[in-house]
**Student:** 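Could you have a look at this structure, given as structure tokens, before my questions?
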Amino acid sequence: MSPVLAGILQLLALIAALALAYRPLGDHMARVYSSDRHLRVEKWIYKGIGADPDTGMRWPAYLRGVLAFSAAGVLFLYLLQRLQGVLPGSLGFSSIDPDQAFNTAVSFVTNTNWQSYYGEQAMGHVVQTAGLAVQNFVSAAVGMAVAVALVRGFARSRDGDLGNFWADLVRGVVRILIPLSVVAAIVLVACGVIQNFSGIHAVGQFSGGSQQWNGGAVASQEAIKELGTNGGGYFNANSAHPFENPTPFSNLFEIFLILVVPFSLTRTFGRMVGSLKQGYAILATMATIWVGFVALMMWTEFAHHGPAFDLAGGALEGKETRFGVGASSIFAVSTTLTSTGAVDSFHSSFTGLGGGITMLGMQLGEIAPGGTGSGLYGMLIMAIIAVFIAGLMVGRTPEYLGKKIGTREIKFAALYILITPALVLVLTSAAMALPTPGNSMTNTGAHGFSEILYAYTSAANNNGSAFAGLNADTQWFNTTLGVAMLLGRFLPMVFVLALAGSLAGQKPVPETAGTLRTDKPLFTGLLVGAILVITGLTYFPALALGPLAEGLAS
Amino acid sequence: MNNSVTNTARLLGAGLRALLVLTVVCGVLYPLAVTGVAQALFNTKANGSEITSGGRVVGSSLIGQQGYGLDWFQPRPANGLGENSVNTQYKLILSGATNRSGDNAELIAWVKEAKAEVVKDNSTADYKVSPSQVPADAVTSSGSGLDPDISPAYADLQVHRVAERNGLPVSRVQQLVDRHTEGRTLGFMGEPGVNVLELNTALKELTKG
């Protein structure tokens, strides 16, 4: 069997597995967020928080909950890292410097998981397990909560009630993420991912002497790292490290974990707005872009243009033997079209065009299928833009899911799609214009520029992967990337919740013959087109200077 | 004003309490439960899949090692590996890739050098390796720098050298490589490979006996 055919079969197997999970998981999540009952554990947790899970919240209250919880997360994680040196169970690792601790705390709370540190030499058991891994759960649950609030905005009318943030947060963790993670972690251990607390210990080597290894709760973190589209690796090599991703099967399984919640949320959406077909139209949009990107990536990686790859006879630099080019291409696309940023191969050593595809994937806004929750709300914003464009063409007031898209709504949607490109392009220009940030580059020329463009793209879109040649552990990068992550996460959430509130306050308009059908393939086509055109126009000049210049030269 | 400050403080308090409760659930109970199950059901794997040879641990079947002499099968290059600089009470290997682009001069030089070396090292008196035979994995570094595998093509390429240096018939060594060549999982997942540490461990048994 040729590697290309094997790659295609792996893609098909993945699609089959995702299709099998789609209905049960999507329906389960819809029940979780619609149910009136509280589990006993949840009642204890609500008591601990001191919150009443049955109070409805209008959008400002919901937003305050999101912001307060996230602020507490940043503070706690920052302090945990600053105090690591004196905490027990830290394996002798010292405290993290202020700029790096700020960057890392923001990074994990915003679901980005950008890492300017080396996992194996910086973080002990306590910070990894009780700090970083906890944010893997809760940042994903916050994303899902905000997505569900937006869906309720469409589904509910008049009173502006978006649900209760604390209930959505706790349910997402207790009923969705924890059960799935437990199963996933055990499957990963069965593949060979380590799960122990043995600290750093010496192990013999073949040619005599010994090597020192990190032990750790790796499988439990790996499971939620993928499932919550977080992406922060226990080890520096992330999912390329054999202790995080030991076999070809574990690799496909991890890609499945990355994609399963974001794709299935479209079913949850369809259920909650009372039309599964609306969910399928969104799903079809996400799937079209994802499959298209995988096909492009496989094409460029198997063709391996580039002087070093031509000389070597393949683009295997930065890729593991057990995964090969095919599976690495699927992973790279899946991690950048979601907000994951985990890597099983190193994007900086992909072909010029391959690196461009990973960047463009993030620049689409990570909506195909996107992060847990953030993918769905990002895609719904694009759907509103598409409906608006269609409305302009025929001269009608646009509506979506029975709600009018008026001036107020379209303003929030427009602000949403402007914020991340503004962060990426302004900060990239600033870094290029200043004398010192460029010193962090490993490569020169177009690829050096790509390292910096990639970094801000990744941070502002909360992805977390990198062209990792860039030495990002400087005060400039720790600070500016941290700010990009914060604004790139929470400003869009403000707009989404404001929009949700505005929608939830409307009374539904009846569907007429003139209403644009948003549950048909035609709308999917319109939506894919709108996404590609808007992103293309925004980022083309920047991409032309980096990956396109590199890719076309070779 | 006073009112809004108290409100903010109260809200932050609720956020902090929520975080602490969820830290207990996700950061303590969850990893401990998974560790318990993992240690009970998959003890060897949960602890790093160590393998022994001649009564001593020689490493993990999952983690590639560097520094085999030319009598042994060679792994892939690992130019991206680092050494720890922060917590120097340990001597840790830092996993990682080179992150060099396809047009990077250094990477081009590394590939050229590695290719020449592979050709030179593996050509024996009655077996000449040509540069076109050298597979890509033999001259490129992996993502982790700890790739435990090489491609079957690279293993086959090394058979003559290993046989000659160990005084073994070529067919015996080729047999050994064939036995350690793993195909794709279920016929389509990943790529075929040969685990270098396992292969060398088996070779050691063979040369002893």
Side-chain angles (χ1 to χ4, degrees), chain A residues 6 9 45 48-49 64 68-69 72-73 76 92-93 118 120-121 129-130 134 137-138 185 189-190 192 194-196 200 203-207 212 217 220 235-237 240-242 246 248-249 306-309 311-314 316-318 320-324 345-346 348 442-443 447 468-469, chain B residues 11-12 14-19 21-23 26-27 31 34-35 37-38 42 45-49 56-59 62-63 65 67 84 86-87 89-92 94-97 99 101-104 107-108 111 136-137 139-140 142-144 146-149 151 184-185 188-191 193:
Chain A
L9 287 177
I45 298 178
I49 301 173
R64 280 198 296 271
F69 181 67
F76 180 74
F93 287 140
Y118 282 81
E120 44 273 70
Q121 69 168 357
T129 308
V134 171
F137 278 98
V138 296
V189 176
I194 59 169
Q195 179 73 23
N196 58 59
I200 294 173
V203 179
Q205 299 193 114
F206 185 84
S207 336
Q212 290 194 318
S220 55
F235 299 101
N236 183 52
H241 196 294
F249 172 77
F309 309 139
L311 199 61
L316 273 182
E317 183 70 27
E320 300 282 298
T321 307
R322 60 193 181 283
F323 309 144
S345 51
F346 279 72
S348 190
T442 290
N443 294 279
H447 200 83
Chain B
L11 205 58
L12 268 178
L16 201 57
R17 281 196 302 277
L19 182 72
V21 175
L22 290 172
T23 299
C26 305
V34 172
T35 309
V37 175
F42 306 101
K45 286 180 166 168
N47 293 313
S49 307
R56 93 189 178 89
V57 175
V58 294
L62 296 176
I63 302 289
Q65 297 179 16
N84 63 328
V86 178
N87 185 4
Q89 74 184 82
Y90 306 108
K91 200 173 164 304
L92 290 164
L94 298 187
S95 58
N99 290 303
S101 60
D103 58 4
N104 181 287
L107 180 59
I108 296 171
V111 171
D137 64 296
V139 296
T140 52
S142 69
S144 61
L146 303 171
D147 196 335
D149 303 314
S151 67
R184 297 189 173 93
T185 310
F188 71 97
M189 288 181 199
E191 289 297 319

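So that the names make sense, note that chain A is the first sequence line, chain B the second, and so on, each numbered from 1.
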**Student:** Between A:Y118 and chain B, with a heavy-atom cut-off of 4.5 Å, which part of the residue counts as in contact: side chain, backbone, both or neither?
**Tutor:**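 For A:Y118, the contact with chain B is made by the side chain alone.
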**Student:** Specify which of B:S101, B:G190, B:A14, B:G48 makes the most heavy-atom pairs with chain A at under 4.5 Å.
**Tutor:** B:S101
**Student:** Just give me the residue among A:G324, A:G313, A:G92, A:G314 that pairs up with chain B most often, heavy atom to heavy atom, under 4.5 Å.
**Tutor:**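 With the most close heavy-atom pairs to chain B, the winner is A:G92.
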**Student:** Quick check: are there more than 12 heavy atoms from other residues, nucleotides or ligands sitting under 6.0 Å from CZ of B:F188?
**Tutor:**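 More than 12 within 6.0 Å, yes.
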**Student:** So which of B:G96, B:P148, B:A18, B:G67 has the biggest tally of heavy-atom pairs under 4.5 Å with chain A?
**Tutor:** B:A18
**Student:** Please lay out, stage by stage, how A:S207 and B:Q65 fare under the test side-chain hydrogen bond (donor to acceptor under 3.5 Å, both in side chains).
**Tutor:** CA-CA 9 Å; A:S207 336; B:Q65 297 179 16; 5.2 Å; no
**Student:** Treating A:E320 as the side-chain partner and B:G143 as the backbone partner, does any N or O pair qualify as donor plus acceptor under 3.5 Å?
**Tutor:** yes
**Student:** Can you tell which part of A:H241 gets under 4.5 Å to a heavy atom of chain B, answering side chain, backbone, both or neither?
**Tutor:** both
**Student:** Would you check if the side chain of A:Q195 reaches a backbone N or O of B:A46 as a donor-acceptor pair within less than 3.5 Å?
**Tutor:** no
**Student:** Given the options B:V37, B:L19, B:L22, B:L16, which has more heavy-atom pairs under 4.5 Å with chain A than any of the others?
**Tutor:** B:L19
**Student:** Might you point out which heavy atoms bring A:F346 and A:N236 nearest each other, and give the distance in Å?
**Tutor:**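 Shortest heavy-atom separation between A:F346 and A:N236 comes out as CZ-O, 4.3 Å.
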**Student:** Heavy-atom distances under 4.5 Å only: say whether A:F137 touches chain B with side chain, backbone, both or neither.
**Tutor:**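 Side chain of A:F137 only, per the 4.5 Å heavy-atom cut-off to chain B.
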**Student:** Is there a donor-acceptor pair under 3.5 Å between the side chain of A:N443 and the backbone N or O of B:G102?
**Tutor:**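 Checked: no pair found.
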**Student:** Quick one: of A:G469, A:A468, A:G73, who has the most non-hydrogen atom pairs under 4.5 Å with chain B?
**Tutor:** A:A468
**Student:** Looking at A:A217, A:S345, A:P248, which has the largest count of heavy-atom pairs under 4.5 Å with chain B?
**Tutor:**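 Greatest number of close heavy-atom pairs with chain B: A:P248.
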**Student:** When rounded to the nearest 0.5 angstrom, what is the spacing between CZ in A:F206 and CZ in B:R56?
**Tutor:**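 These two atoms lie 9.0 Å from each other.
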**Student:** As an exercise: rank A:A185, A:P242, A:G192 by heavy-atom pairs under 4.5 Å with chain B and give me the winner.
**Tutor:**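 Among the listed options, the one with the most contacts to chain B is A:P242.
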**Student:** Name the member of A:G48, A:P307, A:P246 that forms the most heavy-atom pairs with chain B at distances under 4.5 Å.
**Tutor:**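 Most heavy-atom pairs under 4.5 Å with chain B: A:P307.
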**Student:** With respect to chain A, which residue among B:T185, B:I63, B:N104 yields the maximal number of heavy-atom pairs within a distance under 4.5 Å?
**Tutor:** B:I63
**Student:** Under 3.5 Å, is there a donor-acceptor pair linking the side chains of B:E191 and A:T321?
**Tutor:** no
**Student:** Can you name the closest pair of heavy atoms from B:S144 and A:A240 and give their distance?
**Tutor:**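 Minimum heavy-atom contact is CB-O, 3.4 Å.
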**Student:** A:T442 vs B:N99, test: side-chain hydrogen bond (donor to acceptor under 3.5 Å, both in side chains). Steps then yes/no.
**Tutor:** CA-CA 8 Å; A:T442 290; B:N99 290 303; over 6 Å; no
**Student:** What part of A:T129 gets closer than 4.5 Å to chain B, counting heavy atoms only: side chain, backbone, both or neither?
**Tutor:**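 For A:T129, the contact with chain B is made by backbone and side chain together.
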**Student:** Among B:L62, B:D137, B:N84, which has the most heavy-atom pairs under 4.5 Å with chain A?
**Tutor:** B:L62
**Student:** Hey, which of B:S95, B:A136, B:G15 has the most heavy atom pairs under 4.5 Å with chain A?
**Tutor:**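 The residue among B:S95, B:A136, B:G15 with the greatest pair count is B:S95.
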